[in-house]
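Before any comments, here is the structure.
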There are 2 protein chains.
Amino acid sequence: MNEADARRLERRASLLKTLAHPSRLLIVEMLEERPRCVTELTEAIGADITTVSKHLAVLKRAGFVRDRKRGTHSDYELLCGCISHFVDCVEKGMDACSSQAARVDAGEERQGAGTGSG
Amino acid sequence: MNEADARRLERRASLLKTLAHPSRLLIVEMLEERPRCVTELTEAIGADITTVSKHLAVLKRAGFVRDRKRGTHSDYELLCGCISHFVDCVEKGMDACSSQAARVDAGEERQGAGTGSG
DNA sequence: AGTATTATTGGCGAAATGGCCAAGCATGTC
DNA sequence: GACATGCTTGGCCATTTCGCCAATAATACT
């Protein structure tokens with residue numbers, strides 16, 4: 001494997017890792033509705049505010065969100081409005097493939113991944 | 001947050017976590033071409049075969065792949081042919097949003113996530 | 001049976017992650 | 001200035017992840 005490929009895979013893995021936490025997924029979903037301050041997100045998540053703040057820092061460093069200061073508040077805003085949609089796709093795809101796998105197990109052959117981006 | 005939501009987020013995070021490793025992403029990409037045995041994947045990854053075997057076990061447990069025994073070989077096969085496509089989307093979306101973020105920084109408002117599932 | 005090949009599992013150490021507490025910083029209010 | 005509010009950072013600990021080594025299992029070949 002060449003180095004460019006390695007970097008590409010590292011980057012992708014890093015993006016996925018950023019999203020791979022329940023609290024961060026919830027944050028993303030909530031920010032898809034509208035920007036929110038840390039306190040609001042903290043209430044929804046039910047964790048310590050310092051924990052949520054760190055989750056937000058992770059999302060920010062990865063480029064998923066940005067923050068705008070408003071007085072003592074930090075309003076966090078999603079920079080890419082379609083993230084949950086992608087996660088949706090993965091999940092739906094997996095579900096579809098579960099039944100597909102069952103069919104394959106029964107002896108049929110896979111035709112072509114029909115569970116695409118719809 | 002209710003318990004059903006919590007479970008849903010847990011499941012999604014778990015799926016993403018499974019994919020969030022460079023070696024596992026490479027495995028997925030290679031298996032999109034055709035099934036491969038562990039040795040073949042190991043050579044491409046350049047890690048110890050025991051490490052690769054464990055990565056495959058992770059993917060298998062999550063339902064992304066299955067293995068068929070062929071003599072002393074284990075051929076791994078992708079159960080969902082469209083995974084890389086989703087990752088592609090996230091990455092492209094992020095790239096698109098980077099420039100979008102730049103515009104937002106410059107004072108414009110976000111219209112609606114135009115970087116969708118294309 | 002004996003040996004080689006292929007893959008999996010257990011174990012250990014190094015590193016990363018996640019969570020809360022304590023402390024600190026920035027802004028607003030009195 | 002003093003105090004309150006909202007948020008962030010540093011620190012510590014528990015847990016998880018990752019990678020290699022050693023050992024084991026399963027199959028093929030002689």
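Note on naming: letters A, B, ... go to the chains in the order of the sequence lines (proteins, then strands), and numbering restarts at 1 for each one. Computation of the quantities below employed the complete heavy-atom set of this structure, encompassing side-chain atoms and omitting hydrogens, waters and symmetry-equivalent molecules.
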inquiry  = Please confirm whether the shortest side-chain N or O distance from B:Lys17 to OP1 or OP2 of D:dT16 is below 4.0 Å.
reply    = no
Does C:dG19 have OP1 or OP2 sitting under 4.0 Å from an N or O in the side chain of A:His55?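 So the side-chain polar atoms of A:His55 do come within 4.0 Å of the phosphate oxygens OP1 or OP2 of C:dG19, strictly under.
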Axis-to-axis angle across the helix from C:dA1-D:dT30 to C:dC30-D:dG1, five pairs each end, nearest 10 degrees, ~ 10°
- Task: Provide the full list of salt bridge (Lys or Arg N to Asp or Glu O under 4.0 Å) pairs with a residue in residues 44-60 of chain B, sequence neighbours left out, each pair given once.
- Result: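 Matches after skipping sequence neighbours: B:Lys60-B:Asp67.
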**Asked** Across the strands shown, which category fits A:Arg70 at heavy-atom distances under 4.0 angstrom: base, sugar-phosphate, nothing?
**Response** nothing
- request: Please name all residues satisfying side chain to side chain donor-acceptor pair (under 3.5 Å) with A:Arg8, sequence neighbours left out, ordered by chain then number.
  value: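 Per chain and number, A:Arg8 pairs via side chain to side chain donor-acceptor pair (under 3.5 Å) with A:Asp5, B:Glu29.
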With sequence neighbours left out, the residues meeting side chain to side chain donor-acceptor pair (under 3.5 Å) with B:Ser74 are B:Lys69
Note: for A:Gly71 and A:Val58 on DNA chain C, the residue whose nearest nucleotide lies more 5' is A:Val58
Show each protein N/O and nucleotides 1-11 of chain D N/O combination with a separation under 3.5 Å, one pair to a line.
{"from": "D:dG6", "atom 1": "O4'", "to": "A:Thr72", "atom 2": "OG1", "distance (Å)": "3.2"}
{"from": "D:dG6", "atom 1": "O3'", "to": "A:Thr72", "atom 2": "O", "distance (Å)": "3.4"}
{"from": "D:dC7", "atom 1": "OP1", "to": "A:Val38", "atom 2": "N", "distance (Å)": "3.2"}
{"from": "D:dC7", "atom 1": "OP1", "to": "A:Ser74", "atom 2": "N", "distance (Å)": "3.3"}
{"from": "D:dC7", "atom 1": "OP2", "to": "A:Thr39", "atom 2": "N", "distance (Å)": "3.0"}
{"from": "D:dC7", "atom 1": "OP2", "to": "A:Thr39", "atom 2": "OG1", "distance (Å)": "2.1"}
{"from": "D:dC7", "atom 1": "O3'", "to": "A:Ser74", "atom 2": "OG", "distance (Å)": "3.4"}
{"from": "D:dT8", "atom 1": "OP1", "to": "A:Tyr76", "atom 2": "OH", "distance (Å)": "2.5"}
{"from": "D:dT8", "atom 1": "OP2", "to": "A:Ser53", "atom 2": "OG", "distance (Å)": "2.6"}
{"from": "D:dT8", "atom 1": "O5'", "to": "A:Ser53", "atom 2": "OG", "distance (Å)": "3.3"}
{"from": "D:dG10", "atom 1": "O6", "to": "A:Lys54", "atom 2": "NZ", "distance (Å)": "3.1"}
{"from": "D:dG11", "atom 1": "O6", "to": "A:Lys54", "atom 2": "NZ", "distance (Å)": "2.6"}

Closest non-hydrogen contact found for A:Leu25 with B:Arg12 is CD1-CB, 3.5 Å
Next item on the list: Provide the closest heavy-atom pair for B:Pro22 versus A:Leu9 in the form atom of the first, atom of the second, distance.
Entry: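 Looking at all heavy atoms of both residues, the closest pair is O-CD1, 3.9 Å.
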So the side chain to side chain donor-acceptor pair (under 3.5 Å) pairs with at least one residue in residues 13-26 of chain B (sequence neighbours excluded) are B:Arg24-B:His55
Which of A:Arg68, A:Arg66, A:Arg36, A:Arg70 passes side-chain hydrogen bond (donor to acceptor under 3.5 Å, both in side chains) with A:Asp75? Answer is A:Arg70
query: Do the side chain of B:Thr42 and the main chain of B:Val38 share a donor and acceptor less than 3.5 angstrom apart?
result: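 It does hold such a pair.
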Separation of C:dA16 atom P from A:Arg61 atom CZ, nearest Å, is 12 Å
